[in-house]
Amino acid sequence: MSTTTAPTATDQGPWFRLSAEQEEIRKLARDFSDKEITPEVAEHHDREGSYPYEIAKKGWEIGLMNCIVPEAYGGLGMGALEECLIAEELAHGCMGISLSIMANNLGIVPVKLAGTEEQKKKYLGMLMEEPLHCAYALTEPEIGSDPAGLKMSAVKKGDKWILNGVKRWITGAGVSDWFVVFAQSDPEKRHKGINAFIVEKDHPGVSLGKKEDMMGQRASFTCDINCDDAEIPAENLLGEENSGFYLAMRSFQFTRPAIAAGAVGVCQNALDHSLRYALERKTFGTYIANHQGVQFMLADMARDIMAGRLLTWQCAWMCDQGIDNNYEVAVAKLFTADRAMRITDDAIQIFGGYGYSKEYPVEKLLRDVKVCQIYEGTSQIQKVIIGRHVVREMAKKMGIDPKELR
Ligand SMILES: Cc1cc2nc3c(=O)[nH]c(=O)nc-3n(C[C@H](O)[C@H](O)[C@H](O)COP(=O)(O)OP(=O)(O)OC[C@H]3O[C@@H](n4cnc5c(N)ncnc54)[C@H](O)[C@@H]3O)c2cc1C
């Protein structure tokens, strides 16, 4: 007979669960999503490729936007885990619309990590006073996966930095008031010559490109930022000089969990639609849900959603505990993004011919979620991170000199 006094799953409920406060945040986001991001609204913004200003404003009003801004700067001071709960629920409604509320966090993270007191007060405070937006600008026309080779130049002249170059594919840039921009000050030093700046849209020499006409997440206002002899005040340098690359990489540890959570939200939506349809549609005299071939697809979806959600919560929780999560967040992002392609593809399959029609909601889910394999580091780059980590860990145990590893 067991003598353990530890609570069991049966008498205490599951051992692993969210706090009551986290459940409340999740419910707030779910209710908001159900009310504001209805299938009709999601379909409208997808079809028109229009930015959901009103929904973003409402999300700001109830504290879903900028949720990670610390209380000292007027925010709610939520952690990465709470952010993931919100991101999943909003993406369940529409991942493109969700970005109009969540993408500010991409700009907020580097300021939180490296900003001076004055920078935090000014730029984070600004977001709390009005429903403004900000963005994170690393990628360029010729540079994505290998940001050590950035081409945008930053040259110090007196009390200003002069920036020249283009940033491409910047989520939310078209509606943002400021951006965290990474630029190269010493190309020979590659990653050791990169600086980060807080650039305002109204700084001289800054202009925006046209809204990208994208395959999915069409509500999101993604565009170029052009710097043409842009004059950035010296006090807008973010972090120590030449530390920009490390800031860019460190920021991903805090921002990738919410991308993974968004993918989970889209997948949950795909499963919900698939279940409802499978319990309406009949073939061979019975619901298609009764065919084992269909049930197996539903089972695979449910398994991967649960696994993806737990991986996501784990890496977000690590952020909140101050634990290095570089490996875990790469696993979570890779898993959720890759499985999301399979899950949304299966949802289309379950809908049969209707799944292929824009009249039904599931083809949009596949188009929306595809970019999760691309932005914030492609799936291949996540594999590079994971592969390096496991090889290094074993090499350490085997006493192999790390210099012998790539
Ligand atoms: C909708 C959208 C929104 C975005 N939002 C932002 C944003 O807000 N801010 C921002 O800075 N960027 C943003 N991006 C850019 C995004 O992060 C980059 O597109 C991404 O990092 C890939 O870079 P790339 O497009 O230049 O592809 P490349 O780096 O040219 O890669 C091309 C292909 O080669 C593969 N590859 C490259 N190197 C390796 C390697 N070492 N091993 C194996 N495979 C490799 C890649 O996985 C990919 O399949 C966004 C992109 C999109 C599409």
Side-chain angles (χ1 to χ4, degrees), residues 45-46 49 51 87 91 94-110 133-152 163 165-176 178-184 191 194 196-197 199 201 208-227 238 244-245 247-252 254-256 258-260 262-263 266 330 333-334 337-338 340-341 364 366-388 391 406:
H45 287 283
D46 177 58
Y51 190 78
C94 170
M95 197 163 179
I97 293 178
S98 161
L99 283 182
S100 72
I101 295 173
M102 301 310 289
N104 271 15
N105 294 341
L106 302 174
I108 291 169
V109 163
H133 294 273
C134 62
Y136 171 98
L138 181 67
T139 307
E140 300 181 354
E142 291 172 53
I143 297 287
S145 302
D146 180 18
L150 288 185
K151 299 272 187 287
M152 179 175 276
L163 269 54
V166 178
K167 291 290 166 187
R168 179 140 299 165
W169 297 118
I170 308 308
T171 299
V175 290
S176 290
W178 57 267
F179 330 94
V180 174
V181 172
F182 298 87
Q184 182 59 265
H191 68 285
I194 291 176
F197 302 92
V199 173
K201 81 170 189 318
L208 299 175
K210 66 169 181 40
K211 185 176 188 294
E212 295 290 348
D213 186 6
M214 301 189 295
M215 165 184 174
Q217 302 198 357
R218 290 171 49 75
S220 171
F221 203 138
T222 301
C223 70
D224 283 0
I225 302 172
N226 305 306
C227 288
L238 191 53
F245 180 83
L247 178 60
M249 296 302 112
R250 177 113 180 84
S251 296
F252 284 138
F254 291 79
T255 55
R256 282 178 180 153
I259 301 296
V266 175
K333 182 170 183 291
L334 174 70
D338 284 4
M341 290 313 292
K364 170 182 180 292
L366 184 141
R367 287 189 287 106
D368 277 352
V369 93
K370 170 64 196 172
V371 76
C372 293
Q373 289 185 310
I374 298 172
Y375 60 21
E376 298 241 355
T378 64
S379 284
Q380 288 72 33
I381 293 302
Q382 305 311 314
K383 283 188 191 174
V384 169
I385 297 170
I386 296 164
R388 272 197 195 138
V391 168
R406 283 201 68 201

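Throughout, numbering of the chain's residues begins at 1 and tracks the sequence. In listed order, ligands and their atoms are each counted from 1. No experiment lies behind these values; they were computed from the predicted model shown.
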Chemist: Determine whether any protein heavy atom is located less than 4.0 Å from atom 17 (O) of ligand 1.
Modeler: yes

Chemist: Can you tell me the protein heavy atom closest to atom 31 (O) of ligand 1 and the distance?
Modeler: S145 OG, 3.7 Å

Chemist: Between Y51 and F221, how do the two ring planes meet: parallel, tilted or perpendicular, split at 30° and 60°?
Modeler: tilted

Chemist: Please state whether Q217 comes within less than 4.0 angstrom of ligand 1, counting heavy atoms only.
Modeler: no

Chemist: Of the choices I381, I225, I374, T378, which has the non-hydrogen atom that lies closest to atom 19 (O) of ligand 1?
Modeler: I374

Chemist: Look up atom 35 (C) of ligand 1 and tell me if a protein heavy atom lies less than 4.0 Å from it?
Modeler: no

Chemist: Considering only NZ, NE, NH1 and NH2 on the basic side and carboxylate oxygens on the acidic side, decide whether R218 and D213 come within less than 4.0 Å.
Modeler: yes

Chemist: Heavy-atom contacts with I170 under 4.0 Å: which atoms of ligand 1 show up? List them by number with element.
Modeler: 7 (C), 8 (O), 9 (N), 10 (C), 11 (O)

Chemist: Starting from atom 6 (C) of ligand 1, which protein heavy atom do you reach first, and at what distance in Å?
Modeler: W169 O, 2.6 Å

Chemist: Look at atom 1 (C) of ligand 1 and say which protein heavy atom is nearest, naming residue and atom and giving the distance to 0.1 Å.
Modeler: M214 SD, 3.4 Å

Chemist: Looking at ligand 1, does any of its N/O atoms fall within less than 3.5 Å of an N/O of L138?
Modeler: yes

Chemist: Protein heavy atoms: any of them under 4.0 Å from atom 9 (N) of ligand 1?
Modeler: yes

Chemist: Please state which part of D146 comes within less than 4.0 Å of ligand 1, counting heavy atoms only: side chain, backbone, both or neither.
Modeler: neither

Chemist: Identify the protein heavy atom lying closest to atom 52 (C) of ligand 1, giving its residue, its atom name and the separation to 0.1 Å.
Modeler: V371 CG2, 3.9 Å

Chemist: Which one of Y136, Y375, F179 has a non-hydrogen atom at the shortest distance from atom 2 (C) of ligand 1?
Modeler: Y375

Chemist: Please report the closest heavy-atom contact between F182 and K167, naming both atoms and the distance.
Modeler: O-NZ, 2.7 Å

Chemist: Any salt bridge linking R168 with E140? Criterion: basic side-chain nitrogen under 4.0 Å from a carboxylate oxygen.
Modeler: no

Chemist: Does the side chain of D224 reach to within under 4.5 Å of the side chain of E212, using non-hydrogen atoms?
Modeler: yes

Chemist: Less than 3.5 Å between some nitrogen or oxygen of Q380 and one of ligand 1, yes or no?
Modeler: yes

Chemist: Look at atom 24 (P) of ligand 1 and find which of G144, A173, S379, S176 reaches it with the closest heavy atom.
Modeler: G144

Chemist: Going by the closest heavy atom to atom 15 (C) of ligand 1, which one wins out of L106, V384, T139, I143?
Modeler: T139

Chemist: Can you confirm whether more than 12 heavy atoms, excluding those of R367, are under 6.0 Å from its CZ atom?
Modeler: yes

Chemist: Compare all side-chain heavy atoms of Q382 with those of R256 and state whether any distance is below 4.5 angstrom.
Modeler: yes

Chemist: On a heavy-atom basis, which atom in V266 and which in A91 lie closest, and how many Å separate them?
Modeler: CG2-O, 3.9 Å

Chemist: Check S220 against T171 and note the closest heavy-atom contact, atom names and distance.
Modeler: OG-CG2, 3.7 Å

Chemist: Ring centroids only, cut at 6.0 angstrom: are Y136 and F252 within range, meaning strictly under it?
Modeler: yes

Chemist: Check E376 against ligand 1 and report side chain, backbone, both or neither, counting heavy atoms closer than 4.0 Å.
Modeler: backbone

Chemist: Between I194 and P147, what is the shortest heavy-atom contact and its length?
Modeler: CD1-O, 3.3 Å

Chemist: As a test of the contact definition, would atom 13 (C) of ligand 1 count as having a protein heavy-atom neighbour under 4.0 Å?
Modeler: yes

